[in-house]
Asker: 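Sharing a structure with you now.
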Amino acid sequence: MEKHHKFSIWYVLIGIWAVLILHNIIFSAIAVKVIPYSQFLELLKDKKVSEVAITSNQIQGRMVGEGGEPGQMFRTVRVDPDISGLLEEYQVTFKGEIESTFFRDLLSWIVPIAIFIGIWMFMMRRMTGQQARFMSLGKNKAKIYVEEDLNVTFEDAAGVDEAKQELVEVIEFLREPERFTRLGGKMPRGILLVGPPGTGKTLLAKAVAGESNVPFFSLSGSEFVEMFVGLGAARVRDLFTQAKEKAPCIIFIDELDALGKARGVGGVGGHDEREQTLNQLLVEMDGFDPQVGVILMAATNRPEILDPALLRPGRFDRQILVDRPDKTGREAILRVHIRDIQASDEVDLAVLSGMTPGMVGADLANLINEAALLAVRKGKDKVEMADFEEAVERIVAGLEKKNRLINPREREIVAFHEMGHAMVALSLPGTDPVQKISIIPRGIAALGYTMQVPTEDRFLMKKTELLNRIATLLGGRAAEEIIFEDISTGAHNDLAKATDIARSMVKEYGMSSTVGQVYFAREKRGQFLDTVIQGAKEYSEATAELIDSEVRDIIQKQYEKALDLLKSKRQILEKGAAILLEKEKIDGSELKAIMASS
Ligand code: ADP
Ligand code: ZN
């Protein structure tokens, strides 16, 4: 891209140079010699002027040429208001003239402009995609983003079954919109696909279009923002107009976060263009009638930075998680992509998927391709297991460099850590049931996770429940200490949450007997900076110390509770972690079975 850019700048420079040269040539061809008035009088006296044309402020004429040829043109400023007498005297043909500079203008301006346009068009033809769109100043052509007759189907996207299930309804709607709307049903207007890059979000959106056989409009959020001010908004308007004409159809916006970042985030000086575009998008989303059958889909890997306005009901109110695939998911994805190559029968996809923890669909597609290239290079006519193994090594090395995979040692720590959370949660009453635990890394912050779903909406929490919750949060670190006799940084988020609960217990809920049944207002925090505003405390230093020591005490006691509990069930801890390392994911019922097994 960068290279291309420089390339076109050279064209512009060369173009300007050519225009200048041409300009000179044109002018010297019709060169008019400017002479002083005195010289003109001299010429007149010497009878060297053949004809003149007089305008209000200048005299233009032709000298007598040699041998009947027309002579040199000349021009001079008219000094003498009345020279007709003089001209008559010397018998020069003369005419008064209303100044017409038309021809000169034509040559000096229009020709260069025409040349410029010529160069412009030449460049446009040479440029591709993005660049050309940029240069054509937001003049959209439908063919830029609409794709019809996609032959992508649900078969092509594997290992994302949960997401697919949620999308089935959308496909049914697009196939027969009348069936849904007849009963007054409403379709979601906006579906947000959330997940790490390369997990198949674009693929899924295309598959929905392909399955329901409707046109697929797509645009990337970052494309909107590179435009000049006002063009992004115009483009959004255009996109929706075109889509409505083709309804039912799908509009897909990739990288929604580039466009829909919360206003004020990351902004010195704001970003007018992005904001205008975002506003236009919101207007369009609110404006279109869901009955027409335009479904808006968007993808992001950072839903947390999106402007909340985008997530309001009636906008992107349905979120679908497209997560990293687990082991079976990866096997399924490999199966999809291996169709494209000639693989030997001995290739075992289950083994391969075991070798590729943390990889996403795009990595796996890349893996298959890489293996095929390796086999070709070695002159084989089938891709063998050895080629795949070599390709795995290459890709893992690449991803490790980009810090996207965790090493086996870390994986083990994470497995015990997550198992620790889950076991404490399952052993203590009043904690939310564990839905699943996973060591498939998600994002940068969380290496693994234990998902607990609240059974009901809670308004009141008992003290023991809060304590148990703290113990659960500390279970991860406790497991690490028991198994490795060492602790890692992986628990920092847990500690933050546990401390938060403990602090609230002491300061807001009056749950500490030492501090007493008192409410101490929380410090107000600055809205943007995470600094505590000074002077907001409403208690003495002594109380502050007491609060601190109480908080520490609560946390320490719960940590010991978690430690004891896990020590007494060390076998289960080890068994569970082993299963987790093997399968990467354990769901709630399986976990209960493991817990009950000894
Ligand atoms: P995203 O939009 O989530 O960044 P893409 O849909 O662009 O990811 O995926 C890029 C490519 O990776 C796809 O074209 C496909 O070849 C492959 N891929 C990704 N996810 C899957 C999947 N779940 N099943 C099959 N192939 C996948
Ligand atoms: Zn944890």
Side-chain angles (χ1 to χ4, degrees), residues 150 152-164 167 192-210 216 218 220-222 252-257 297-302 320-326 328-341 353 356 359-369 395 413-425 434 437-439 441-442 445-452 469-481 487-498 559 562:
L150 280 174
V152 181
T153 66
F154 262 3
E155 303 268 286
D156 297 311
V160 281
D161 297 334
E162 285 159 43
K164 281 204 239 175
L167 289 169
L192 187 60
L193 301 172
V194 179
T199 45
K201 298 182 290 298
T202 311
L203 191 68
L204 273 171
K206 281 191 179 164
V208 171
F216 181 74
S218 74
S220 164
S222 58
F252 177 68
I253 302 177
D254 204 355
E255 297 177 70
L256 183 66
D257 41 290
M297 295 179 83
T300 180
N301 53 349
R302 303 162 74 192
I320 296 181
L321 181 66
V322 187
D323 214 346
R324 285 174 197 274
D326 62 2
T328 34
R330 290 197 301 271
E331 191 178 331
I333 296 173
L334 287 169
R335 189 154 293 126
V336 167
H337 289 281
I338 210 162
R339 292 186 310 210
D340 303 337
I341 63 164
S353 74
T356 52
M359 286 195 194
V360 295
D363 300 328
L364 295 167
N366 188 12
L367 167 73
I368 300 269
N369 193 40
I395 288 176
I413 297 175
V414 174
F416 279 102
H417 178 107
E418 297 304 331
M419 197 56 202
H421 283 307
M423 282 177 62
V424 176
V434 177
I437 47 180
S438 155
I439 56 166
R442 351 172 64 207
L447 292 170
Y449 62 97
T450 300
M451 199 155 114
Q452 282 178 283
R469 194 168 271 201
I470 295 176
T472 302
L473 285 164
L474 299 170
R477 167 158 285 191
E480 287 180 44
E481 183 170 341
I487 48 182
S488 75
T489 53
H492 94 271
N493 203 13
D494 302 333
L495 292 182
K497 282 190 204 150
Y559 185 60

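We count ligands from 1, going down the list as the structure has it; atoms in each ligand are counted the same way.
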Asker: I need the nearest protein heavy-atom contact for atom 24 (N) of ligand 1: residue, atom name and distance, please.
Answerer: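 Sorting protein heavy atoms by distance from atom 24 (N) of ligand 1 puts Ala158 N, 3.0 Å first.
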Asker: With the threshold set at 4.0 Å, does a side-chain nitrogen-carboxylate oxygen contact exist between Asp156 and Arg339?
Answerer: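 Salt bridge present between Asp156 and Arg339.
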Asker: Could you list the residues that satisfy salt bridge (Lys or Arg N to Asp or Glu O under 4.0 Å) with Asp326, not counting sequence neighbours?
Answerer: Lys585
Asker: Out of the N/O/S atoms in Asp494, what is the name of the one closest to the Zn ion (ligand 2)?
Answerer: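 When I compare the N, O and S atoms of Asp494, OD2 is nearest to the Zn ion (ligand 2).
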Asker: Under the criterion side-chain contact (heavy atoms from CB on, under 4.5 Å), which of Val424, Val434, Asp494 is the partner of Thr472?
Answerer: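 For Thr472, the side-chain contact (heavy atoms from CB on, under 4.5 Å) test succeeds with only one of Val424, Val434, Asp494, which is Val424.
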Asker: What's the shortest distance from atom 5 (P) of ligand 1 to any protein heavy atom, and which residue and atom give it?
Answerer: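 The answer is Gly200 CA, 3.9 Å.
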Asker: Just distance, no hydrogens or angles: give the donor-acceptor pairs under 3.5 Å from side chains in residues 193-204, sequence neighbours left out.
Answerer:
from   : atom 1 : to     : atom 2 : distance (Å)
Thr199 : OG1    : Pro196 : O      : 2.7
Thr199 : OG1    : Val322 : O      : 3.4
Lys201 : NZ     : Gly195 : O      : 3.0
Lys201 : NZ     : Pro196 : O      : 2.7

Asker: May I ask you to check if ligand 1 and Ile333 share an N or O to N or O distance below 3.5 Å?
Answerer: no
Asker: Are Glu481 and Arg477 within salt-bridge range, i.e. N to O under 4.0 Å?
Answerer: no
Asker: State whether the shortest distance between N or O atoms of Leu203 and N or O atoms of ligand 1 falls below 3.5 angstrom.
Answerer: yes
Asker: Is the closest heavy-atom distance from Ala299 to ligand 1 below 4.0 Å?
Answerer: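 Distance cut 4.0 Å: Ala299 fails for ligand 1.
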Asker: Does any N or O of ligand 1 fall below 3.5 Å from an N or O anywhere on Asp254, backbone included?
Answerer: no
Asker: Could you walk me through whether Leu167 and Met297 pass the side chain to side chain contact (heavy atoms under 4.5 Å, CB included) check?
Answerer: CA-CA 11 Å; Leu167 289 169; Met297 295 179 83; 3.8 Å; yes
Asker: Provide, to 0.1 Å, the distance between atom 26 (N) of ligand 1 and the closest protein heavy atom, together with that atom's residue and name.
Answerer: His337 NE2, 2.7 Å
